[in-house]
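Positions are given from 1, in the same order as the sequence printed here.
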Amino acid sequence: MSEKSPKLRAALDGVPTYKPGKPAAAAPGGATTYKLSSNENPYPPLPGVLKEVVRAAGALNRYPDLACTGLMAELSDRFGVPIEHLATGTGSVGIAQQLVQSTAGPADEVIFAWRSFEAYPIVTQIAGATPVPVPLTADEGHDLDAMLAAVTERTRLIFVCNPNNPTGTVVRRAELERFLDQVPSDILIVLDEAYREFIRDEDVPDGIDLYRDRPNVCVLRTFSKAYGLAGLRVGFAVGHDPVAAALRKTAVPFGVTQVAQEAAIASLRSEEALSERVAALVEERTRVYEALVAQGWTVPESHGNFVWLRLGDRALDSAAACERGGVVVRPFQGDGVRITIGETEANDLFLKAAEAFRKEI
């Protein structure tokens with residue numbers, strides 16, 4: 001009898017695999033190699049977090065609180081939204097996948113800028129829906145007019161990554177509100193604000209303010225970046241009742257561990273230390289940006305915890321040069337290189353490598 005492979009969904013054919021940032025390998029001679037490829041926070045967990053993690057770890061034999069009761073209450077109070085408008089998940093990317101599952105399937109379309117967060121086309125294709133990438137503008141930002149023109153009767157969801165990963169650009173209030181008001185009200189608009197805490201431009205709106213009187217707007221946030229909990233996988237969404245309810249239905253049961261829940265609560269209660277660390281990273285971001293400009297690079301002003309270099313087909317060459325110089329960065333071949341703002345020493349090594357590479361091209 002001939003053996004046959006199990007039949008898998010055709011929608012998975014051609015789905016790209018998510019590529020994590022390359023880890024830092026040991027350098028010759030024992031020199032430190034820094035990882036600047038995953039937009040991680042270089043600081044340890046905020047004060048009080050490790051204590052709560054250790055306490056929660058003592059009950060690892062028990063399932064976590066399915067409803068994330070304590071975290072939901074803390075988020076409701078912190079952001080002034082009803083608990084019924086909240087949902088938690090395994091990082092904002094996990095919630096993004098749930099949102100696509102809740103809105104789109106075969107014959108449906110999901111619109112997003114490109115290049116943007118690389119998970120968007122993946123979660124779209126996994127759901128069997130069609131990704132509709134809309135090229136960025138010449139200055140690396142969202143082309144909202146083109147995104148609006150791409151809307152059809154098949155459109156079910158639109159991602160707006162603000163700040164945009166990996167370019168760091170932002171959509172400001174007037175243009176974003178104009179866009180939101182023109183999109184049909186039966187299309188869900190997801191404002192992905194994973195890097196919200198690093199914004200210093202007062203003209204960039206807080207998505208939670210925009211969601212309040214717009215039932216088709218949902219906001220994504222994460223504890224992975226500014227809060228430094230990337231290893232625990234916890235994020236949350238703010239949306240109106242039907243959207244939040246759909247997220248709870250599509251969530252993997254017990255996906256957010258009790259350790260992650262307690263760490264997130266403790267992080268929310270350490271606001272002063274968070275502000276100090278974010279301010280330090282923003283200061284470093286400014287230093288790196290100004291140094292790159294002084295070297296002669298064209299760099300979009302970044303509002304995240306990273307910077308972007310448009311290098312096209314030289315992206316892999318640049319990443320290799322950086323690795324030889326002691327830092328691992330994130331190349332997107334054909335587009336550019338994203339560099340996380342890390343420790344001062346790591347940033348200095350990157351700037352040295354960037355200066356040397358520029359002399360080669």
Result block: side-chain N/O donor-acceptor pairs under 3.5 angstrom for residues 46-55, not counting sequence neighbours:
residue, atom, partner, partner atom, Å
E52, OE1, R55, NE, 2.9
E52, OE1, R55, NH2, 2.7
R55, NH2, E262, OE1, 3.2

Residue pair E271, R78: steps toward the salt bridge (Lys or Arg N to Asp or Glu O under 4.0 Å) verdict: CA-CA 10 Å; E271 196 72 24; R78 170 68 176 78; 3.1 Å; yes
Any chance you could measure E301, atom CD, to T167, atom OG1, to the nearest 0.5 Å? 12.0 Å
Can you measure from CG (N216) to CD1 (I189) and round to the nearest 0.5 angstrom? 4.5 Å
Quiz question: by atom type and distance under 3.5 Å, do the side chains of [X] and [Y] form a donor-acceptor pair?
X    : Y    : answer
Y195 : N39  : yes
S116 : N164 : yes
N165 : R115 : no
T257 : R233 : no

Quick one: does NZ or CZ of R330 land under 6.0 Å from the six-membered ring centre of F332, within 45 degrees of the ring axis? yes
Identify, with sequence neighbours excluded, every residue that meets side chain to side chain contact (heavy atoms under 4.5 Å, CB included) alongside A251. Q98
Apply side chain to side chain contact (heavy atoms under 4.5 Å, CB included) to the pair S37 and V329, showing each step before the final yes or no. CA-CA 4 Å; S37 57; V329 298; 5.5 Å; no
Enumerate the salt bridge (charged side-chain N to carboxylate O under 4.0 Å, His left out) contacts for residues 154-165, please, sequence neighbours excluded, ordered by first and then second residue. D108-R156, E109-R154
For residues 302-312, which residue pairs pass the salt bridge (charged side-chain N to carboxylate O under 4.0 Å, His left out) check, not counting sequence neighbours? E140-R310, R310-D335
List the steps, then state whether salt bridge (Lys or Arg N to Asp or Glu O under 4.0 Å) holds for K225 with E197. CA-CA 9 Å; K225 309 303 179 185; E197 293 84 0; over 6 Å; no
Can you name the one residue among V190, L188, T103 that meets side-chain contact (heavy atoms from CB on, under 4.5 Å) with V243? L188
Validation row, ring centre F79 to ring centre F236 under 6.0 Å: yes
Under-4.0 Å salt bridge between [X] and [Y]:
X    : Y    : value
D181 : R178 : no
D206 : R221 : yes
E74  : R269 : yes

Does CZ in R9 sit with more than 12 non-hydrogen atoms of other residues, nucleotides or ligands closer than 6.0 Å? yes
Mind telling me whether Y120 and F112 have parallel, tilted or perpendicular rings, with 30° and 60° as the class edges? tilted
Could you go through I126 and V15, starting from their C-alpha distance and side-chain angles, then the distance that decides it, and tell me whether this counts as side chain to side chain contact (heavy atoms under 4.5 Å, CB included)? CA-CA 7 Å; I126 287 174; V15 173; 4.1 Å; yes
Sorted by chain and residue number, the ring pair (Phe, Tyr, Trp, His ring centres under 6.0 Å) partners of H240 (sequence neighbours excluded) come out as H85, Y211
Can you give the donor-acceptor pairs under 3.5 Å from side chains of residues 341-350 to other protein atoms, not counting sequence neighbours?
residue, atom, partner, partner atom, Å
N347, OD1, G342, N, 2.9
N347, ND2, E284, OE1, 2.6
N347, ND2, G342, O, 3.0
N347, ND2, E343, O, 3.2
D348, OD1, R287, NH1, 2.9
D348, OD1, R287, NH2, 2.9

